[in-house]
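Quantities reported herein were computed from a predicted structural model and do not represent experimental measurements. Each chain gets a letter, A, B and so on, in the order the sequences are listed, and its residues count up from 1.
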Amino acid sequence: MNVSKGITPRAKDFAQWYNDVIMRAELADYAPVRGCMVIRPWGFRIWELMQQGLDGMFKATGHQNAYFPLLIPQSFLEKEAEHVEGFAPETAVVTRAGGKELEEPLVVRPTSETIIYAMLTKWIQSYRDLPVLLNQWVNVVRWEMRTRLFIRTTEFLWQEGHTAHATQEEAEEETKRMLGVYRTFMEEWMALPVLTGVKTPLEKFAGAVRTYAVEGLMQDNRALQLGTSHFLGQNFAKAFGTQFQTAEGGMEYVWSTSWGASTRLIGGLIMAHSDDIGLICPPKLAPLQVIVVPIWKTAEDRTKVMEVAAQIRQELAQSDIRVDVDQRDGMKPGAKYYEWEGRGVPVRLEIGPRDVAGSQAMLARRTGGKEPVPLEDVVQLVGKALDDIQTGLCETARERREAESLRGATKDQLIERMEGRAGFVYAGFCGSEACELAIKERTKATIRVLPDVEFQSAETPSECVWCGEKATTEAVWAKAY
RNA sequence: CGGGGCGUGGCGCAGUCCGGUAGCGCACCUGCUUUGGGAGCAGGGGGUCGCCGGUUCGAAUCCGGCCGCCCCGACCA
């Protein structure tokens, strides 16, 4: 990519466009190790803001943060049959340390269920110890074959919530509650309307009884799984002997859940909103919400303009708006505009001698439009612009998702869509693995979810889109990342 | 692992066919002039041409081997 000029347009090459946006906005860069990336300060700030948002919601629902170690005895992973089968191929294993072979190899965590249940077994004795509501913000390693910045990297950052409950009902409720938390976060913070539902057995997490997911639709009409919430039943409790004494005096295994969202969210954010100029970042997650660009000709102008710019910065900062002034000398205003647009700053305030004379500033929105605003109202109007951009992005994404969703599809339509513009395709499904695999084989599309009730079609499909037998459910197909 | 592409200053590339001591654009540094949508001029710094070996008076260029990266497919948050 030629940084000084434009980036690859989306229409020309979406994958290249995606990489260009990341490089241009300085979100991340490739690390020396294959599949690994460096998250640069601008990208990491977005992650910090995501953490803030999500963590607040986790705390509000009663969860506490903790930290479990990176290294897990290999034998732990092997205790849950399905779990080990799912993760064995993609684990990195430490066999040598301290200058000698280890007695037991240590796995670099791909996820932490096993070590957590090993510990919960020690900590839980009675129903009075339940529920346990934990979360941790950590890195994990999964040796994937093909990687992509933010979307799938060998090492990634995420949060994993783990909870243990006395009853199945309580654990099921928790699973859905956290799915709802994700949905709310995606919509309110990321301005990304998602689709929620349950995964088919073929697509669920290895070790879970049921997996729920939130799926977003990207601008190339492919689906991206942005978060998952698992009802684990008693699978891990049984594997690790996590039992508690009931009020009645009997012994029972705990019912548990786990749920996670990762730095992949940043990839989703990019692919959902950005354009051919670069990143578009929803204000709530923007490292900088406002950039003030001063304009001057003479030294005298410069002094005056800088004074006003500094004052505006202070006023905005006092209202908890993330703002900075681009004071760089020897760079033309236009060049600064392009740079901050590429980085996704939602609002730009231009202040030149003419504006100072008229006690105004020019307010430009990253999503388009430029208008003069009186300096005395700048805080209020900037705040309004940020709100408008946030809701506007969400609305645009929602309209796109609806426009790119086909409901009540026939077999031919499903095939045609997946060979063409893709998107979400709703249709009836008989529930058989044979049909699911046949569709995947033929169209490369997978069932993203069996949609939750609020996403289901008004008319429930009666026949399976593939075999024509009686449908047991409605399903949503898409080509996924 | 299969298919495709590519390794030459920080980035993007030319040069490779046809061997002759490395060049262009951007970026960077200094100075002056500039600054309302990607500034101009002048000067300057920076490269074991992915690695190893071979052929040759001489290799970025020819030959052999190896390594790495990106993209597309099979696994996955």
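With hydrogens and angles ignored, a donor-acceptor pair closer than 3.5 Å exists between the side chain of Lys370(A) and the base of G37(B).
Counting only residues at least two apart or on different chains, the side chain to side chain donor-acceptor pair (under 3.5 Å) pairs with a member in residues 79-95 of chain A are Glu82(A)-Lys204(A).
Note on Lys332(A): every side-chain N or O is 4.0 Å or more away from OP1 and OP2 of G37(B).
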- Item | side-chain contact (heavy atoms from CB on, under 4.5 Å) evaluation trace for Met119(A) with Ile116(A) | CA-CA 5 Å; Met119(A) 297 310 295; Ile116(A) 287 178; 5.9 Å; no

- Task: Give the intermediate values and the outcome of side chain to side chain donor-acceptor pair (under 3.5 Å) for residues Thr446(A) and Arg448(A).
- Result: CA-CA 6 Å; Thr446(A) 50; Arg448(A) 301 321 302 155; 2.7 Å; yes

Extract from the structure each pairing of a protein N or O with an N or O of nucleotides 43-45 of chain B at less than 3.5 Å, listing the distance.
none

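Applying the 5.5 angstrom centroid cut-off and the 30 degree plane-angle cut-off, the aromatic ring of Tyr338(A) is stacked upon the base of G38(B).
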- Task: Can you check each nucleotide of nucleotides 66-74 of chain B against protein heavy atoms at under 4.0 Å and return B for base, S for sugar-phosphate only, - for none, in 5' to 3' order?
- Result: ---SSSSBB

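Between the side chain of Thr211(A) and the main chain of Phe205(A), a donor-acceptor pair closer than 3.5 Å is present.
Between the C1' atom of U34(B) and the CZ atom of Arg302(A) lies a distance of 13 Å, rounded to the nearest Å. Protein atom CZ of Arg24(A) is 16 Å distant from nucleotide atom P of C26(B), rounded to whole Å. Rounding to whole angstrom units, CD of residue Glu339(A) and C1' of U35(B) are separated by 16 Å. Rounded to an integer number of Å, the gap from NE2 of His83(A) to C1' of C76(B) is 14 Å. In this structure, the CE atom of Met23(A) is 14 Å from the C1' atom of G10(B), given to the nearest Å.
Within the nucleic acid shown, Ile151(A) comes within 4.0 Å of at least one base atom, counting heavy atoms only. Across all strands shown, Gly260(A) has no heavy atoms under 4.0 Å from either base or sugar-phosphate atoms. When heavy atoms are screened at a 4.0 angstrom cut-off, Ser229(A) is found touching no nucleic acid atom at all. The residue Trp158(A) sits apart from the nucleic acid: no heavy atom pair falls under 4.0 Å. Residue Pro353(A) is in base contact, counting any heavy-atom pair closer than 4.0 Å across all strands shown.
The nucleotide whose nearest atom lies closest to any side-chain atom of Glu341(A) is, among A39(B), A77(B), G37(B), G37(B).
Inspection of the Asp220(A) and Tyr481(A) side chains reveals an N or O donor paired with an N or O acceptor under 3.5 Å. In summary, the side chains of Thr298(A) and Glu300(A) do not present any donor paired with an acceptor at a separation below 3.5 Å, with no hydrogens or angles considered.
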Below 3.5 Å, can you tabulate the donor-acceptor pairs from side chains in residues 332-346 of chain A to any protein atom, sequence neighbours excluded?
unit_1	atom_1	unit_2	atom_2	d
Lys336(A)	NZ	Asp326(A)	O	3.0
Lys336(A)	NZ	Arg328(A)	O	2.8
Tyr337(A)	OH	Glu350(A)	OE1	3.3
Glu339(A)	OE1	Arg328(A)	NH1	3.4
Glu339(A)	OE1	Arg328(A)	NH2	3.4
Glu339(A)	OE2	Arg328(A)	NH2	3.4
Trp340(A)	NE1	Asp326(A)	OD2	2.8
Glu341(A)	OE2	Arg348(A)	NH1	2.8
Arg343(A)	NH2	Glu26(A)	OE1	2.6

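In this structure His273(A) satisfies the side-chain hydrogen bond (donor to acceptor under 3.5 Å, both in side chains) test with no other residue, sequence neighbours excluded. Remark: Trp477(A) pairs with no residue by the side-chain hydrogen bond (donor to acceptor under 3.5 Å, both in side chains) rule, at least two apart or across chains.
The distance between the ring centers of Phe58(A) and Trp259(A) falls below 6.0 angstrom.
The base-pairing partner of C1(B), taking Watson-Crick or G-U wobble contacts with both distances under 3.5 Å, is G73(B). Remark: G43(B) base-pairs with C29(B); criterion is Watson-Crick or G-U wobble with both hydrogen-bond distances under 3.5 Å.
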